[in-house]
Undergrad: 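First the structure, then my questions, so here it is.
Given the structure is predicted, the values throughout are model-derived calculations rather than measurements.
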Amino acid sequence: MGYRSEVVISIQMDNTDEKSVKDWHLFIAELKTNNDCAKAIDLLIGKPPNWIDKGGIDMENCSLLAYWENTKWYDDYDEVKSFRKILDLAQEYSEMKHGMSATFKRIGEEQGDVQEENYGEFGCSLAYITVPVIEFDEIQYDNEKRL
């Protein structure tokens with residue numbers, strides 16, 4: 001893994017119907033009560049500036065966004081482990097047919113140092129990699145509505 005990376009994590013409900021909104025609230029409640037997610041949640045709902053360049057939790061659009069333009073991203077960092085746990089739970093929700101999609105994209109400094117994970121029906125549509133940056137696409141995140 002490269003020394004510096006560009007990283008995006010985006011999670012979103014596929015619909016905003018009543019069931020999806022309830023599932024989203026359940027997901028966020030589970031994240032808030034899971035000690036393994038605590039560092040990431042603190043960063044997502046904390047006031048900028050913080051380690052995240054852009055993002056937060058948007059309860060109205062049922063979405064979560066975390067974006068780093070240029071960060072150290074090592075698997076043994078506590079913050080990285082915490083965000084990985086959030087992705088693991090999003091994958092579980094997606095597999096349980098809750099109508100949730102998620103994506104993780106990371107581009108390292110070195111050519112070919114790329115990670116990409118997509119979950120749910122629309123995971124690959126939430127963000128995509130173009131050389132040399134990650135661009136957002138269909139994430140319905142509004143920074144004004146973050147926790």
Undergrad: When clusters are formed by joining ILVMFWY residues with side-chain heavy atoms under 4.5 Å apart, either directly or through shared neighbours, do Phe122 and Val8 land in the same one?
TA: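 No, Phe122 does not connect to Val8 through the hydrophobic network.
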Undergrad: Examine Phe83 together with Trp68 and report whether their ring centres are nearer than 6.0 Å.
TA: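 Here the rings of Trp68 and Phe83 have centres that are less than 6.0 Å from each other.
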Undergrad: Could you name each residue pair satisfying salt bridge (charged side-chain N to carboxylate O under 4.0 Å, His left out) that touches residues 15-25, not counting sequence neighbours?
TA: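 Qualifying pairs, neighbours excluded: Glu18-Lys22, Lys19-Asp23.
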Undergrad: Just say parallel, tilted or perpendicular for the rings of Trp24 and Phe27, cut-offs at 30° and 60°.
TA: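 Aromatic pair Trp24/Phe27 classed tilted.
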Undergrad: Identify the two heavy atoms, one from Gly123 and one from Ser101, that lie closest to each other, and give their separation to 0.1 Å.
TA: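 Reported closest heavy-atom pair: N-CB, 3.5 Å.
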Undergrad: Does a side-chain heavy-atom distance below 4.5 Å link Trp73 with Glu6?
TA: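 No, their side chains stay 4.5 Å or more apart.
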Undergrad: With side-chain contact (heavy atoms from CB on, under 4.5 Å) as the criterion, how do Lys72 and Arg4 come out once you've worked through the C-alpha distance, each side chain's angles and the decisive distance to 0.1 Å?
TA: CA-CA 5 Å; Lys72 294 180 182 179; Arg4 293 277 178 185; 3.8 Å; yes
Undergrad: Please check this pair: side chain of Asp58 against backbone of Asp142, looking for a donor-acceptor N/O pair closer than 3.5 Å.
TA: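 Yes; judged by distance alone, with no hydrogens or angles, the pair exists.
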Undergrad: Is there a path from Val21 to Ile28 through hydrophobic residues (I, L, V, M, F, W, Y) whose side chains come within less than 4.5 Å of each other?
TA: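 As far as the 4.5 Å side-chain criterion goes, Ile28 and Val21 are not connected within one cluster.
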Undergrad: When clusters are formed by joining ILVMFWY residues with side-chain heavy atoms under 4.5 Å apart, either directly or through shared neighbours, do Leu89 and Ile9 land in the same one?
TA: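 Hydrophobic grouping puts Leu89 with Ile9.
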Undergrad: Out of curiosity, Ser125 OG to Ile139 CD1, how far, rounded to the nearest 0.5 Å?
TA: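 CD1 of Ile139 is found 11.0 Å from OG of Ser125.
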Undergrad: Check whether any side-chain heavy atom of Asn61 lies under 4.5 Å from a side-chain heavy atom of Met13, and answer yes or no.
TA: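 In short, these two side chains do not touch, never coming nearer than 4.5 Å.
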Undergrad: Under 4.5 Å between any side-chain heavy atoms of Phe104 and Gln115, yes or no?
TA: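 They are in side-chain contact.
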Undergrad: Could you go through Met59 and Leu147, starting from their C-alpha distance and side-chain angles, then the distance that decides it, and tell me whether this counts as side-chain contact (heavy atoms from CB on, under 4.5 Å)?
TA: CA-CA 7 Å; Met59 295 303 287; Leu147 290 179; 3.6 Å; yes
Undergrad: I need the Leu31 CG to Ile11 CD1 distance, nearest 0.5 Å.
TA: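 Result: 7.0 Å between the selected atoms.
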Undergrad: Could you tell me the separation between the NZ atom of Lys105 and the OG atom of Ser5, rounded to the nearest 0.5 Å?
TA: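 Lys105 atom NZ to Ser5 atom OG measures 15.0 Å (nearest 0.5 Å).
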Undergrad: Does Val80 reach the side chain of Val7, with side-chain heavy atoms less than 4.5 Å apart?
TA: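 Side chain of Val80 against side chain of Val7, heavy atoms only: no contact under 4.5 Å found.
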Undergrad: Are the side chains of Asp14 and Ser20 in contact, using a 4.5 Å heavy-atom criterion?
TA: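 No, too far: nothing below the 4.5 Å cut-off.
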Undergrad: Run the side-chain contact (heavy atoms from CB on, under 4.5 Å) check on Ile41 and Ile86 step by step: do they pass?
TA: CA-CA 9 Å; Ile41 291 298; Ile86 288 176; 4.2 Å; yes
Undergrad: Does Asp113 come within less than 4.0 Å of Arg106, counting only side-chain N to carboxylate O?
TA: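 A salt bridge is present here (some side-chain N lies under 4.0 Å from a carboxylate O).
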Undergrad: Measuring from Glu92:CD to His98:NE2, what's the distance to the nearest 0.5 Å?
TA: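 Going from CD on Glu92 over to NE2 on His98, the span is 9.5 Å.
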Undergrad: If I take atom CG from residue Leu65 and atom OG1 from residue Thr103, how far apart are they, to the nearest 0.5 angstrom?
TA: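 Between atom CG of Leu65 and atom OG1 of Thr103 there are 11.0 Å.
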Undergrad: Taking all non-hydrogen atoms of both residues into account, name the closest pair between Leu43 and Glu79 and its distance.
TA: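 Smallest interatomic distance, heavy atoms only, reads CD1-CG, 4.0 Å.
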Undergrad: Can any side-chain N or O of Ser82 pair as donor or acceptor with the backbone N or O of Asp36 at less than 3.5 Å?
TA: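 Such a contact is found between Ser82 side chain and Asp36 backbone.
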Undergrad: Give, for atom CD of Gln91 and atom CD of Glu117, the distance between the pair rounded to the nearest 0.5 Å.
TA: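 That separation rounds to 7.5 Å.
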Undergrad: Would you find a donor on one side and an acceptor on the other, under 3.5 Å apart, between the side chain of Arg146 and the backbone of Tyr141?
TA: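 Here the side-chain-to-backbone pair does not exist.
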Undergrad: Side-chain heavy atoms nearer than 4.5 Å, only ILVMFWY residues, links allowed to pass through others: does that put Met100 and Ile57 together?
TA: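 Yes, because Met100 and Ile57 connect within a single hydrophobic cluster, where side-chain heavy atoms sit under 4.5 Å apart.
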